[in-house]
Amino acid sequence: MTDHITAPHLSHPSAENADSPGRPGLSRRRLLQGTAAMGGLLAFGTAVSASTTPAFAATVSRPDIISAKSWGATAPKGSLSRIDRRPGHLVIHHTTHENASDFSDEAAREVARLIQRNHKTNGWADTGQQFTVARGGQMLEGRQGSLAAVVDGTRFIEGAHAYGFNDQSVGIEVDGMYMSDLPTDAQWDSLVHLSAFICERYGIDVDNIIAHRDAPGAQTLCCGDAFYAKLPALRKAVRTALAHGVDAGPGTSRDYPTVRPGDQGDAVRRVQVTLTGIGHQPGAADGVYGQATEQAVREYQSAIGTGVDGVVGPRTWGALATHRAAGATVRSGDAGTEVEYLQRGLKASDGADLATDGIFGEQTQAAVKGFQSSRSLTSDGIAGPNTWGALKSAR
């Protein structure tokens, strides 16, 4: 097990326990870090919400978010509150975990499971925050239902991450301790992308991206002094993303652009992280498409029986998607990253004329049934292990 998994999790008992009455006591974070000065807090109304959507210039691509189902979340303890309006603020946290060097997908999933266990121990119904950004830059759903809610854009699941402000905000936990250190480059890139997507979907003003310490009544130094000093840069980067889009450029889509040797950026990093997670060795997840990454891509392409050219195009992306999502069971009515991976896998393997919107509707169900029938599988329209296995072998 990695260091950051065995280290104690300093969770957010300073956040509102939305799942049971009363305000929790002082957290270890507050005992260790002291109480933040109350001066300089941002001014907030008593009922903050975004009544209008800013006129953003470009569409932000949907981030590659690992759903709670995919990372192995246990069922909530009791019901979760759905708020049928948009939140007005985005609150940034750090987990105060040790800054681990394991950037793998499995480490990210284990962090998500650890956070949920600890937050349930606090007496909360589920993970407190809506989203998490792991050390390797992986983005994960936290409180269950949050991914589908932000894709919808008109509602959110009330969290337990910022006392007295949970019904006005959504929260992102950035894994690590950032009093003197900063998040990894991969975390920063993912945080910008995720924050821009959330702001666009909910119409949140970029100036309302705040640190936990700046939430009304907060008594914490979260998200750490070094990270806090970078929040103006985060807001600036999010404004740029909203103006120009994220992952824009030539290729299959904003989310899955064609990448090749010499390229750099978040798409390359996602190739590296995914290849590492399924047992290949592309080198560090640094977003630089060098020799080690090219060799790993070629080996992967050879293994799946597609063209071996070292270029990650539609078929290679489709294969990576189905490998990463394999094991999840998705069906009509589901939404999220695994559904999008399923759609991309069907397009790459079976030539399905299918939208890759991450929503399992009638078109996706028909495509799944058609694929299952062509492979002599039970044609029930539910993508389970046998369907994923057939997709992986249909290259």
Side-chain angles (χ1 to χ4, degrees), residues 10-27 29-30 33-51 76 79-96 115 118-119 122-133 141-146 149-150 153-174 178 191 194-195 198-199 201-224 227-228 231-232 234-235 238:
L10 310 186
S11 57
H12 288 278
S14 56
E16 178 177 5
N17 186 341
D19 312 308
S20 62
R23 180 169 183 163
L26 288 173
S27 67
R29 167 187 290 154
R30 290 153 76 187
Q33 299 175 348
T35 302
M38 297 302 292
L41 290 179
L42 301 180
F44 298 97
T46 56
V48 180
S49 63
S51 58
S79 61
L80 302 177
S81 297
R82 166 176 157 168
I83 299 180
D84 289 317
R85 56 174 166 77
R86 292 171 159 188
H89 286 76
L90 175 59
V91 180
I92 307 300
H93 305 263
H94 67 167
T95 64
T96 71
I115 291 173
N118 280 296
H119 286 190
N122 290 340
W124 303 349
D126 198 6
T127 300
Q129 76 281 1
Q130 283 81 7
F131 299 100
T132 305
V133 179
E141 180 182 29
R143 183 152 289 214
Q144 292 168 75
S146 296
V150 73
T154 64
R155 55 187 168 84
F156 66 105
I157 307 301
E158 184 176 9
H161 62 97
Y163 181 81
F165 204 48
N166 289 311
D167 63 347
Q168 305 293 329
S169 64
V170 294
I172 300 175
E173 285 272 9
V174 180
Y178 301 115
L191 179 62
L194 178 58
S195 298
I198 291 171
C199 286
R201 296 304 300 163
Y202 285 138
I204 296 174
D205 191 301
V206 174
D207 288 335
N208 288 344
I209 300 174
I210 64 170
H212 184 192
R213 67 173 71 183
D214 284 335
Q219 298 180 39
T220 176
L221 292 182
C222 181
C223 55
F227 193 6
Y228 183 71
L231 286 198
L234 174 63
R235 297 185 192 103
V238 170

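Residue indices begin at 1 and follow the sequence shown.
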Derivation of the side-chain contact (heavy atoms from CB on, under 4.5 Å) call for Asp167 and Arg85: CA-CA 10 Å; Asp167 63 347; Arg85 56 174 166 77; 4.1 Å; yes
Treating [X] as the side-chain partner and [Y] as the backbone partner, does any N or O pair qualify as donor plus acceptor under 3.5 Å?
{"X": "Asp126", "Y": "Leu80", "answer": "no"}
{"X": "His212", "Y": "His93", "answer": "no"}
{"X": "Asn122", "Y": "Trp124", "answer": "no"}
{"X": "Tyr163", "Y": "Pro216", "answer": "no"}
{"X": "Arg213", "Y": "Ala218", "answer": "no"}
{"X": "Gln168", "Y": "Gly88", "answer": "no"}
{"X": "Gln130", "Y": "Arg143", "answer": "no"}

Rounded to the nearest 0.5 Å, what's the gap from [atom1] on [X] to [atom2] on [Y]? Could you check?
{"X": "Asp84", "Y": "Phe156", "atom1": "CG", "atom2": "CZ", "value": "9.5 Å"}
{"X": "Arg235", "Y": "Asn208", "atom1": "CZ", "atom2": "CG", "value": "9.0 Å"}
{"X": "His161", "Y": "Thr127", "atom1": "NE2", "atom2": "OG1", "value": "12.0 Å"}
{"X": "Asp214", "Y": "Ile209", "atom1": "CG", "atom2": "CD1", "value": "13.0 Å"}
{"X": "Ser146", "Y": "Arg155", "atom1": "OG", "atom2": "CZ", "value": "10.0 Å"}
{"X": "Ile172", "Y": "Leu194", "atom1": "CD1", "atom2": "CG", "value": "4.0 Å"}

Distance flag, aromatic centroids of His94 and Phe227, threshold under 6.0 Å: no
Please name the pair of heavy atoms, one in [X] and one in [Y], separated by the smallest distance, quoted to 0.1 Å.
{"X": "Cys223", "Y": "Tyr178", "result": "O-CB, 3.8 Å"}
{"X": "Thr220", "Y": "Cys222", "result": "OG1-N, 3.0 Å"}
{"X": "Ala125", "Y": "Ser79", "result": "CB-O, 4.4 Å"}
{"X": "Ser195", "Y": "Val238", "result": "CB-CG2, 3.8 Å"}
{"X": "Ile204", "Y": "Pro87", "result": "CG1-O, 3.5 Å"}

Derivation of the side-chain contact (heavy atoms from CB on, under 4.5 Å) call for Tyr202 and Leu90: CA-CA 10 Å; Tyr202 285 138; Leu90 175 59; over 6 Å; no
